[in-house]
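What follows is one structure encoded as C-alpha cells, with my remarks underneath.
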There are 2 protein chains.
Amino acid sequence: MSDRTSIPRPTIKRLSLYLREIESQEAGGAVTVSSRTLGSALGITDAQVRRDLGYFGQFGQPGIGYSVKAMIPRLKSILRIDREWNAAVVGVGNIGRALLHYPRFTAKGFNIVGAFDVEDSIIGTTVGNCRVARIEDIPRLAVELEIEFGILCVPKQVAQEVADLLVTAGVRGILNFTPQRLEVGPAIDVVSVDFSLALEQLAYQVSEEVDGG
Amino acid sequence: MSDRTSIPRPTIKRLSLYLREIESQEAGGAVTVSSRTLGSALGITDAQVRRDLGYFGQFGQPGIGYSVKAMIPRLKSILRIDREWNAAVVGVGNIGRALLHYPRFTAKGFNIVGAFDVEDSIIGTTVGNCRVARIEDIPRLAVELEIEFGILCVPKQVAQEVADLLVTAGVRGILNFTPQRLEVGPAIDVVSVDFSLALEQLAYQVSEEVDGG
DNA sequence: CGTTGTGAAATGATTCACAGCT
DNA sequence: AGCTGTGAATCATTTCACAACG
C-alpha cells in the first residue's frame, strides 16, 4: 500500500494543483487525463507528475492515463480534504476582513466559524458569517465551536502572544499572515503567507534577467 | 565579485528574512550579528546562513560576525530593494482593498500608485491613496504612472485576460493572488500567493503527525 | 501506438567539518 | 576562544530512460 519513504514537501503542494486542474478538466467533460496533459497545464514535466502520484500507489492505466472520476476522491483523501475543517480568523483588520469574505475557503470545505479581535468598536459586529468575539474568549469558543485552525491576521507585535493563546486553546494549526516567525510546540503546524516577502522575491526575479544577477 | 554559480531560489527567500531580522536587531541596538544568532532567530542552521551569504562575497569578520550597519544596505542592494518600485492593484474586491491599505508595502519601498476595477460602482472612488480607474485605462496609466508590477486580485475566470493586458501595458512582474496559473512571456515574472493552497498544506501537515502519513 | 511506473542518473540544496583569521 | 568561508559529503528532488501494459 503506502510506501515507507517520506513524501517530498514540494509533492504535496503539487498534489493540490493536480486536484484543482483535474476538477477543472472534469468540468470540461474530460474522462481521463495523462501525466502529459496534466503536467503541461501546470508547467511541470510528465515524469514529475508520475513520480508524485507514484508515491501513493498505482493510479493510472498504461496507454490510457488517469481516470478523472477516480482521481478526485483519491487526491482529496490523500490531502485530508475529504472532510470539513473549522477555522477562525483572529484579527479583523483589513486582511482578516477580506478572508472572512473569501468564498473559496468555504467552497473547499474550510468553514470559518469564528472571528476575534481586541477593538471594542469591532467586537459584536458581524463580518461575513461571523459575529466578532473578544480575543479573551478564544479558549472558551475554541472548544465550543471546535476550531481546528487559527488564521492569524493580527499586528506583528502581538502575533506570538496570540499564537500562544491559540495553541493553549487547542488548535492544531495556524495559517500565519503576519511577518512574524512563530514559535509553537512540535504538535502544532504553521503555514505562513507573507505578502512583503512575495513582493521582494518579485523585485529580485525581475531584476535578475535585466542585469544578469 | 559575483560568482558564476547560480543562486538557489530558497537562498533568496532567506535573504529577505535575514534583512528583516537584522533590521529588528538593529532597532534593539545590536552592532554585529553572528551566523549563529541570525540562524537561531529564524530556525535555520548557522552553516546555512554562512553559505547563503557566501554566494555574494565576503561579508563578515572571523571572530566577530557580520556588521549590522554594513549588512543592511548590502542585502537591500542584492535584493534590489535599495530603490522604490511602483505597483498597481488590479481588482478592488476584498483582497485588493485590503492590499491597498496594507502599510507594509509602502514601508518597504513598494508604492501602490494605481488601482483598477471593472465595477462602475467602484470606479472613481478612493481606496487607500488611490483613485480607482477602469481596467481599460491600464495601458495609458501604466506608462503615465510608471507601473512596474501588477498585483492581480481579480476573479480567477478573468485572471489570464487581465494578466495579458498588464503584460501588454509593459509591467515587468505580476504578484498573483488568484488561483489561476498565468501564462506570460519569458521576460515577465510571476510570483503567486495562494490562500487555499496554504490552507490545504496545513490540513495535510496537521493530519500527517496524527495518523502517520 | 500511447502511457504508466520506477530503477538509475543527474541535479539541486543542505550540512559537516575544519583551515584560517581576529 | 569565537567566528567566517568553503571544499567535501550528505541528503533531497527531479529528470532520464525504458520495460511492461492496454
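Excluded from the calculations below are hydrogen atoms, water molecules and symmetry mates; all remaining heavy atoms, backbone and side chain alike, are included. So that the names make sense, note that chain A is the first sequence line, chain B the second, and so on, each numbered from 1.
- With ring centers used as reference points, Phe177(A) lies under 6.0 Å from Phe195(B).
- In this structure, Arg14(B) places its CZ atom 12 Å from C1' of dT15(C), rounding to the nearest Å.
- An OP1 or OP2 oxygen of dT15(C) is reached within less than 4.0 angstrom by a side-chain nitrogen or oxygen of Gln48(B).
- Contact annotation: the side chain of Leu42(B) approaches that of Tyr18(B) to within less than 4.5 Å [non-hydrogen atoms, C-beta and beyond].
- Atom CZ in Phe59(B) sits roughly 13 Å away from atom P in dT4(D) (whole-Å rounding).
- Between Gln58(A) and the phosphate of dT6(C), there is a side-chain N or O to OP1/OP2 separation shorter than 4.0 Å.
- Listed candidates were dT4(C), dC3(D), dG7(D). Nearest to the side chain of Arg50(A) is dT4(C).
- In this structure, Asp52(A) atom CG and dT14(D) atom C1' are separated by 10 Å, rounded to whole Å.
- Rounded to whole Å, the distance from CG on Asp46(A) to P on dC18(D) is 15 Å.
- Set against dT4(D), dC16(C), dG2(C), the side chain of Ser35(B) has dT4(D) as its closest nucleotide.
- Rounded to whole angstrom, the span from the CD1 atom of Ile7(B) across to the C1' atom of dA13(C) amounts to 13 Å.
- Of the candidates dG2(C), dA13(C), dT14(D), the closest approach to any side-chain atom of Tyr55(A) belongs to dT14(D).
- With rounding to whole Å, Phe56(A) atom CZ is found 14 Å from dT6(C) atom P.
- Side-chain atoms of Pro10(B) lie closest to dA13(C) of the nucleotides dT13(D), dA13(C), dT3(C).
- Looking at Arg51(B), its side chain comes within 3.5 Å of the base of dT15(C) through a donor and an acceptor atom.
- Here dG2(C) presents its P atom at 13 Å from CD1 of Ile64(A), a figure rounded to the nearest Å.
- Atom-to-atom, CD1 of Ile12(A) to P of dT13(D) comes out at 11 Å; the value is rounded to the nearest Å.
- For dT15(D), one of the phosphate oxygens OP1 or OP2 lies less than 4.0 angstrom from a side-chain nitrogen or oxygen of Thr45(A).
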